[in-house]
Amino acid sequence: MEGGGQILRICAALGCLLGKRLHVHQIRAGRSTPGLRPQHLSGLQTVRDLCGGKLEKAEIGSTEIEFAPGKIKGGTLTADPKTAGSVCLLLQVSLPCVLFAESPTELILKGGTNAEMAPQIDYTTMVFKPIVEHFSFKLDCDIKRRGYYPRGGGEILVKVSPVKHLNPINLVDRGSVTKIYGRAFVAGVLPYKMAKDMASAAVRCIRRELRDLHVNIQAVQEPKDTAVANGSGIIIVAETSTGCLFAGSALGKKGVTTDRVGMEAAEILLRNLRHGGCVDEYLQDQLIIFMALADGISQIKTGPLTLHTQTAIHFAEQLTKAKFTVKKCEEANTDCNIIECQGIGFKNMNI
């Protein structure tokens, strides 16, 4: 299985919830910078602090860790990797834990809000939040400051009240696309024209395939006091008649034209609208842990399974004993699967 930060996040969260001691080795063994990076360490420390657990051998560059969880308390916690490491990945590891805490939790998560190799915070608020709330909890996420690579310095405030259990979800009816909207942003010294050019390039690209839909992408200049340093990017969301959400996003980088960034986000969105599933390729793996914990049978219709999703299913099954099945869809001209899970009905004993 791929031995990246994702395995660490799933295992740490489930270890914390189920009260299982973990010994993880060969962490990121094949990477150019093996072992724990600051953001992985920060995620592990957050989980440790949430449950008053014990974390050993965990330092930057370490390729093995040992974790013994305690009781999940809740309260106010700050996680700060002191880099542009993604706040969204810090949320990914801590959210399952705080749902089953003794009391409400406030997480102050610092780092990159719009970072490479991770969901952008706008994806978290516009797509992940509304869909994951179908498991019957409320995720309150407030963007205090935006931070970009390489400086970081962003900050989000997340508030979650604990629940007794999670309800299963059923996302199998895609419906038809009813609207497409988004935001193209620039921050720091980058000119506003870049945001407008990104948005227009994205709109042109989408119109070629979906002629009749109104596409509303706002160009935004981030206010100086709510963004640290320079950054640019775009996220575009498609919404369907049944409430399914899909997104495509991209970040500006040196040597890539603004048009190209807008088109890249549009192409990712269009690719995810073609497969006929109800979730995009970035959401599928993020739902697995919640399906495993839920009380009943969940079903989601996805496009082709990503490596991240296969990994998530493998570890969720191993640690929780939930049962997953993946079936190819019968429908013609689609490339989709139904992921079904008999959740373990995990209960919060504090409530």
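Numbers here are sequence positions counted from 1.
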Ignoring hydrogens and angles, tell me if any N or O in the side chain of T242 forms a donor-acceptor pair with the backbone of D173 under 3.5 Å. yes
Would you mind checking if E264 and R260 are paired as a salt bridge, meaning a charged N to carboxylate O distance below 4.0 Å? no
Report yes or no: does T320 contribute a side-chain atom to a donor-acceptor pair with the main-chain N or O of A316 at less than 3.5 Å? yes
Check for a donor-acceptor pair, side chain of K321 on one end and backbone N or O of Q318 on the other, with a separation under 3.5 Å. yes
For K193, is the NZ atom crowded, meaning more than 12 foreign heavy atoms sit under 6.0 Å from it? no
Do you know the tightest heavy-atom contact between V87 and I121? CG2-CD1, 4.4 Å
Using only atom types and a distance under 3.5 Å, with no angle test, would you say the side chain of E133 pairs donor to acceptor with the backbone of L139? yes
Verdict with supporting geometry, L251 and F185, side chain to side chain contact (heavy atoms under 4.5 Å, CB included): CA-CA 9 Å; L251 291 168; F185 70 86; 4.1 Å; yes
Heavy-atom closest contact (Y192 atom, A219 atom, distance): OH-O, 3.2 Å
Can you confirm whether E66 is buried at CD, in the sense that more than 12 heavy atoms of other residues, nucleotides or ligands lie under 6.0 Å from that atom? yes
Quick check on K54: does its NZ atom have over 12 non-hydrogen neighbours (other residues, nucleotides or ligands) under 6.0 Å away? no
Are more than 12 heavy atoms from other residues, nucleotides or ligands located less than 6.0 Å from atom CZ of R21? no
List the residues meeting salt bridge (Lys or Arg N to Asp or Glu O under 4.0 Å) with R151, not counting sequence neighbours, and say none if there are none. none
Counting only heavy atoms not in K179, do more than 12 sit closer than 6.0 Å to its NZ atom? no
Does the plane of the ring in Y282 sit parallel, tilted or perpendicular to the ring in Y123? Use 30° and 60° as the thresholds. perpendicular
Can you list the steps and then say if K323 with E340 is a side chain to side chain contact (heavy atoms under 4.5 Å, CB included)? CA-CA 8 Å; K323 192 74 204 92; E340 185 174 291; over 6 Å; no
Report yes or no: does K224 contribute a side-chain atom to a donor-acceptor pair with the main-chain N or O of G188 at less than 3.5 Å? yes
Steps toward salt bridge (Lys or Arg N to Asp or Glu O under 4.0 Å) verdict (D295, K164): CA-CA 10 Å; D295 193 6; K164 179 74 189 159; over 6 Å; no
Checking side-chain contact (heavy atoms from CB on, under 4.5 Å) against V279, which of K301, Q284, Q286 comes through? Q284
Between S241 and S176 (side chain of the first, backbone of the second, donor and acceptor by atom type, cut-off under 3.5 Å), is there such a pair? yes
Value for CG (L41) from CD (E59), rounded to nearest 0.5 Å, stands at 8.5 Å
Taking the side chain as everything from C-beta on, heavy atoms only, tell me whether I313 gets closer than 4.5 Å to V326. yes
Atom pair CG (L269) and CD1 (I206), whose distance is rounded to the nearest 0.5 Å: 5.5 Å
Side chain to side chain contact (heavy atoms under 4.5 Å, CB included) between F67 and C51, intermediate numbers included: CA-CA 11 Å; F67 173 57; C51 69; 3.8 Å; yes
NE2 of H275 to SG of C329: how many Å apart, nearest 0.5 Å? 10.5 Å
Kindly give the heavy-atom pair with the smallest separation between P96 and I289, and that separation in Å. CG-CD1, 3.8 Å
To the nearest 0.5 Å, tell me how far D142 CG sits from I156 CD1. 9.0 Å
Counting distance only, does the side-chain N/O of R28 pair as donor-acceptor with the main-chain N or O of T33 below 3.5 Å? yes
Nearest non-hydrogen partners of V261 and I234, listed with the distance: O-CG2, 3.9 Å
Show your reasoning for whether side chain to side chain contact (heavy atoms under 4.5 Å, CB included) applies to L44 and L8. CA-CA 8 Å; L44 289 170; L8 213 52; 4.1 Å; yes
Roughly how far, to the nearest 0.5 Å, is the SG atom of C244 from the CG atom of N272? 12.5 Å
Could you check whether atom OH of Y149 has more than 12 heavy atoms from other residues, nucleotides or ligands sitting under 6.0 Å from it? no
Taking every non-hydrogen atom, the tightest pair across C88 and T113: SG-O, 4.4 Å
Has N230 got a side-chain atom pairing as donor or acceptor with V189's backbone, closer than 3.5 angstrom? yes
Trace of the salt bridge (Lys or Arg N to Asp or Glu O under 4.0 Å) decision for R271 with E267: CA-CA 6 Å; R271 176 174 83 216; E267 282 161 4; over 6 Å; no
Euclidean distance, T63 OG1 relative to R31 CZ, rounded to 0.5 Å: 13.5 Å
Compare every heavy atom of G248 with every heavy atom of I268, then report the nearest pair and how far apart it is. CG2-CA, 3.8 Å
